[in-house]
There are 2 protein chains.
Amino acid sequence: MSPAHNSTRHDRDAVARAALALLDEVGLADLSMRRIAGRLDVQPSALYWHFASKQALLAELADRITAGIPHGDASVLVTARGIRDALFACRDGAELVLSTYALRLGSSSAQNAVHDALVADGADAPEQRAAAIMHFILGHATLVQQRMHADSYGAVLPGDESPTADDVTAGLDRVFDLGVTALTGTVRSSSVPLRDRA
Amino acid sequence: MSPAHNSTRHDRDAVARAALALLDEVGLADLSMRRIAGRLDVQPSALYWHFASKQALLAELADRITAGIPHGDASVLVTARGIRDALFACRDGAELVLSTYALRLGSSSAQNAVHDALVADGADAPEQRAAAIMHFILGHATLVQQRMHADSYGAVLPGDESPTADDVTAGLDRVFDLGVTALTGTVRSSSVPLRDRA
DNA sequence: ACCTGAACACCGTTCAAGT
DNA sequence: ACCTGAACACCGTTCAAGT
């Protein structure tokens, strides 16, 4: 009777992939263990063989979202944009990573990427700047993503003249670039990095 | 039989105050309508006479948390610290305000306070800087508050040498000050503000 | 190795009805 | 004006038992 059911068994990766797909469809607030199980044609209790708890599953999803962050020799701004875009690539990605990030405060690979880019730029206090930039990216991306979601099916507020969605997006992009640039601290041309040092 | 029950009826303010007190005791994750009702010796459905939904109640709590923010002629850094401390004053205050803040992105009184302090400092692009500073404060405070909560009853990670809680707090304070100062953009002595302008 | 079935202790919300 | 009582449609999690 069930039109498209899986009779195969699942592993940890299949559960995480189903959860990630469902997250994109329904959002974090409606992502329940029972819905994920339903999508896999499995009882909710089956998920607890693969993950110790919902929190553990969400942590795995956060890891997958941040796994795509490029960690090369790009500038701080480009690195920061890469992190932001990885969060934006998944519905509620920023909120999910933010809520999972606290324990890894100093040790995340995203923060390391920012840190290395800062060092390459010759910025002072790269540890604190990397932390500050990560806090800014996560706060910014969470707020922007929430707003995007609210705007998509929210009523237009009765303000005098409401800017278009593109205006808002462009303004927020400028806020992001200004924030990252200011937090980087140095505005240094990349072609003459070490000429007059020591 | 019930040892300490209220037979009086309640208004909107009493519901909000009970919810805020309970938030401090149990945290945002365990703040349910049923628990709030229990604390008021009332059926859960009674709350819906005062608030249209749980989300509306949470928005009211966020408003009360941010209502205590001083809006005077302080510097940007002092204003930012005041906002952060208002969030820290209530358990999970930062997360609650962050999750409620998206719709008010440009129009919150906290952001206005930052904006006015920036203008008084003579900073350029005060609108975008105010937005960036708010995003930073909310991201930073949410992460720090989550970490505080996790540390309070979490196991110590098996790292080589773990810094003391005071070390962590001091480091995070430096990150906050560095972040706000960098985002302010101008380091200008307040006694000679306008000497060589236009 | 992976899943079922049943249960436990919860949720937010609605709505007729009471006072 | 404010609340009860009952119901509806959900939750996360555990655990014995199945294959």
Side-chain angles (χ1 to χ4, degrees), chain A residues 1-2 4-20 22-23 25-62 91-92 95-96 99-100 146 149-150 153-154, chain B residues 1-2 4-20 22-23 25-62 91-92 95-96 99-100 146 149-150 153-154:
Chain A
M1 278 303 187
S2 43
H5 75 288
N6 272 332
S7 53
T8 63
R9 304 189 127 183
H10 307 287
D11 56 8
R12 208 180 139 91
D13 179 66
V15 173
R17 296 212 348 262
L20 220 38
L22 195 58
L23 175 62
E25 289 175 23
V26 305
L28 190 56
D30 290 330
L31 185 71
S32 69
M33 296 298 267
R34 297 175 113 102
R35 287 237 231 183
I36 298 164
R39 148 88 51 143
L40 291 166
D41 273 307
V42 136
Q43 296 296 315
S45 50
L47 303 181
Y48 289 85
W49 198 90
H50 302 286
F51 292 94
S53 65
K54 186 183 184 182
Q55 187 52 50
L57 210 189
L58 294 180
E60 170 70 25
L61 300 188
R91 161 115 89 128
D92 293 331
E95 185 184 349
L96 175 55
S99 70
T100 289
Q146 269 176 203
H149 181 247
Y153 68 102
Chain B
M1 278 302 186
S2 41
H5 75 288
N6 273 333
S7 54
T8 62
R9 303 189 127 181
H10 307 287
D11 56 7
R12 208 181 139 90
D13 179 66
V15 172
R17 296 212 348 263
L20 220 38
L22 195 59
L23 175 61
E25 290 175 24
V26 305
L28 189 55
D30 290 329
L31 185 72
S32 69
M33 296 298 267
R34 297 176 113 102
R35 287 238 230 181
I36 298 165
R39 146 92 47 145
L40 291 165
D41 273 308
V42 136
Q43 296 295 316
S45 52
L47 302 181
Y48 290 84
W49 198 91
H50 302 286
F51 292 93
S53 64
K54 184 182 185 184
Q55 187 51 48
L57 210 191
L58 294 180
E60 170 70 24
L61 300 189
R91 160 114 90 126
D92 292 331
E95 184 183 349
L96 174 55
S99 71
T100 290
Q146 268 176 203
H149 181 247
Y153 70 103

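Numbers restart at 1 for each chain; the letters A, B, ... are given by sequence-line order, proteins then strands.
Rounded to whole Å, the distance from CG on B:Leu40 to P on D:dA1 is 20 Å. With rounding to whole Å, A:Trp49 atom CH2 is found 6 Å from C:dC2 atom C1'. Atom CG in B:Asp11 sits roughly 7 Å away from atom P in D:dC2 (whole-Å rounding).
Look at the C1' atom in both C:dC11 and D:dC8: the space between them is 12 Å, to the nearest Å. Going from the P atom of D:dC2 to that of C:dA17 covers 22 Å, rounded to whole Å. Here, C:dA9 and D:dC10 have their P atoms 22 Å apart, quoted to the whole Å.
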**Report entry** Contact pattern, 5' to 3', of nucleotides 9-19 of chain D - B, S or - by protein heavy atom under 4.0 Å
**Finding:** --BBBBB--B-

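Every stem involving DNA chain C, taken as at least 3 paired positions in a row under the Watson-Crick or G-U wobble test at 3.5 Å, is listed here: C:4-8 with D:12-16, C:12-16 with D:4-8.
Partner of A:Glu60 under the salt bridge (charged side-chain N to carboxylate O under 4.0 Å, His left out) criterion, chosen from A:Arg12, A:Lys54, A:Arg17: A:Arg12.
Using a 4.5 Å heavy-atom threshold, the side chains of A:Arg91 and A:Leu28 count as separate. Side-chain contact between A:Val15 and A:Val42 is absent, with no heavy-atom pair separated by less than 4.5 Å. Using a 4.5 Å cut-off on side-chain heavy atoms (C-beta onward), A:Leu96 and A:Leu23 make contact. Counting heavy atoms from C-beta outward, A:Thr100 and A:Leu61 have side chains that stay 4.5 Å or more apart.
Scanning both residues, B:Ile36 and B:Ala19, for their nearest heavy atoms gives CD1-CB, 3.9 Å. For the pair B:Tyr48 and B:Ser53, the tightest heavy-atom approach, listed with the atom from each and the gap, is CE2-CA, 4.0 Å.
Under 4.0 angstrom from either OP1 or OP2 of C:dC3 there lies at least one side-chain N or O belonging to A:His50.
Ion pair B:Glu25/B:Arg39 flagged as a salt bridge, since at least one NZ, NE, NH1 or NH2 atom sits closer than 4.0 Å to an Asp/Glu carboxylate oxygen.
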